[in-house]
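What follows is a single structure, written as structure tokens, with notes after it.
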Amino acid sequence: MALEWWRKAVVYQIYIRSFADSDGDGDGDIGGIRSRLPYLRDLGVDAIWITPWYPSPMADGGYDVADYRDVDRRFGSLNGARRLIEDAHAAELRLMIDIVPNHTSSEHRWFREAWASPRGSAARARYHFRDGRGPGGSEPPNNWRSVFGGSAWTPAPDDGAEPRQWYLHLFDEAQPDLNWDNAEVRAEFESILECWLAMGVDGFRIDVASFLLKAAGLPDVPDHSEAISRADDAAWDPAAHPYENQAGLHEIYRRWRAIADRHPGTVFCGEVHLPAEGIAGYLRPGELHTAFNFDFALRPWNAAALRASIDTTLAAHEAVGAPPTWVIGNHDLPRPAYRYGRRAARGGDGWNAWQRNGPADRARGLARARAAALLGLALPGSAYIYQGDELGLPEILDLPPEARQDPTFRRSGGADVGRDGTRIPLPWSGSEPPFGFGPPGSRPWLPQPGQWWELSVEAESRDPSSTLSLYRAAIRLRRDHPGFDSGSFRWLPSVAGTLLFGRGGGLACAVNLSDDPMPLPRGSRFLLSSAPVGSDSVGPDSAAWLQLPEAEQAGQAGQTEEA
Ligand code: NOJ
């Protein structure tokens, strides 16, 4: 496989807890992934990214890491991880893991040591401990908010002295932020990368990659600022984000890149919540290879909005010679089949996309999610698929409160139901829970809807019109059609509310986001469509891949630009 496989890879995201449970304890695990490698191979993806599998108290689904060099017993063992890496490679699948450098778990040995150490100690200097404000230090050191709700500060143990000290956590209080100005922290993470590369992993997805450094003095933010930046925010204001996108981060990632370069074929994918130009700043030569394109994922189901996102994404990445990524779902975002089916799906801003606030038209949402999949898979660069989106799984909104585990639910006082409804264990087969997720009679960590037999891999494999069949066909075509090999991209004329673009070799993608049929260039041949099509048109909420007639290819080439 080419060393730069990541330039056009299809990467499948495995949320390990909810993928497949081999031992019946209710949590997915490494054994489950190994047993499902044939499924991933048949699906045709090039690589898998596995969410954190490290020992963790699971305060945030494993994004609270207690030991970066081991595997949580609920997920398996280091030996199991080694075997999985070997098996994946034998199946020609690359394997990326998640690295979580912004914060540790409060159960990490470093934080336990800091907790037990005096103020001003070297142990505390690995984190952000600060004196509180107000009488006796009774108020947090600044006004930063946790992304999960509430203050980003929690009091340190009371040592009887004043002012009281607090520690910073931009996420849950069980996820203290590391101090990346500390040399020991930097050295430790470089060594952790080396450790996993020596085990054979092919890359890392970097959790909140743009958060690691904080502005000197930890200044207050203006009252209006969101806890997390907005990928679609054209007027991004650095003063509102003193914990994000700090200039010194680039040096950290240049050092990481040098490590990756010593292991050819390795890739980094940064989770960077910034507009396209901001992302591209991390993808300059010698820095990260790729980063998530949240801007695209957060756009409403609207032709002009998506077109603008594609344009700015392509231009920004082109300028630094890095491939874009196309993402419509992950374990944090509401499922696309839900998102695109809400009343607000056509308008609204990016913030709206994160909300799980009310009902959606299921059929419409699914039709659009299928069309969006064809759109994302047709664009130049790499594409990410979040497990279960290939089955068209809906968002589950009505989980009982006692089943919810996402800290967002608790920290927001229930105002935000959180992300559990996006993380329901996958249905594989059979007619009743656990639908092959675990052995018969086992109880998945989150309840599965009784109806999910109809969305199982088994059921969808039998149905040529299923979402799974569509994904399989699309990924196969993406591999086989030479038009996907080139980086070429050009917009072709199309009616309002629709998108039409050409790739190499006469390959084109048509997406209809309007309420009327979308006429196609005369003589186009359908290669694949997300829904039944007319003889020369694509219906509303649908997309198709086309082979353009020779004349059309020649005629259009002069009229439109190569991106
Ligand atoms: C981003 C991860 O995707 C999310 O699941 C997690 O809660 C936060 N980072 C904190 O680690």
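Values below: all heavy atoms of this structure, side chains included; hydrogens, waters and symmetry mates excluded. In each ligand, atom 1 is the first atom listed, and ligand 1 is the first ligand listed.
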Completion exercise
So the atoms of ligand 1 within less than 4.0 Å of a heavy atom of Phe148 turn out to be 7 (O)
Handout entry: Mutual orientation of the aromatic rings belonging to Trp49 and Phe292 [parallel < 30°, tilted 30-60°, perpendicular > 60°]
Key = tilted
Practice task
Walk me through it: do Phe111 and Tyr167 pass the test ring-ring contact (aromatic ring centres under 6.0 Å, His included)?
Solution key: CA-CA 10 Å; Phe111 194 74; Tyr167 70 90; 4.9 Å; yes
Exercise for the section: Please write down residue, atom name and distance for the protein heavy atom closest to atom 5 (O) of ligand 1. Expected result: Asp332 OD1, 2.7 Å
Exercise for the section: Have a look at ligand 1 and work out which part of Arg423, if any, has a heavy atom under 4.0 Å from it: side chain, backbone, both or neither. Expected result: side chain
Completion exercise
Interatomic distance, CG@Leu393 vs OG@Ser456, rounded to 0.5 Å, equals 10.0 Å
Practice task
Among all protein heavy atoms, pick the one closest to atom 2 (C) of ligand 1 and tell me residue, atom and distance.
Solution key: Asp207 OD1, 3.1 Å
Handout entry: Six-ring centre of Phe148, Arg411 cation under 6.0 angstrom, axis tolerance 45°
Key = no
Problem - Under 4.0 Å to a heavy atom of Arg419 - the qualifying atoms of ligand 1, by number - result: 4 (C), 5 (O), 6 (C), 7 (O)
Fill in the blank from the handout: closest protein heavy atom to atom 6 (C) of ligand 1 is Asp60 OD2, 3.3 Å
Handout entry: Pi-cation contact, Trp153 with Arg130 (under 6.0 Å, within 45°)
Key = no
Practice task
Show which atoms of ligand 1 fall inside a sub-4.0 Å distance from at least one heavy-atom site of His103.
Solution key: 10 (C), 11 (O)
Exercise for the section: Determine whether the side chain, the backbone, both or neither of Arg205 has a heavy atom under 4.0 Å from any heavy atom of ligand 1. Expected result: side chain
Handout entry: CA sep, side-chain torsions, deciding dist, call: Phe189, Trp180, ring-ring contact (aromatic ring centres under 6.0 Å, His included)
Key = CA-CA 10 Å; Phe189 273 86; Trp180 272 84; 5.3 Å; yes
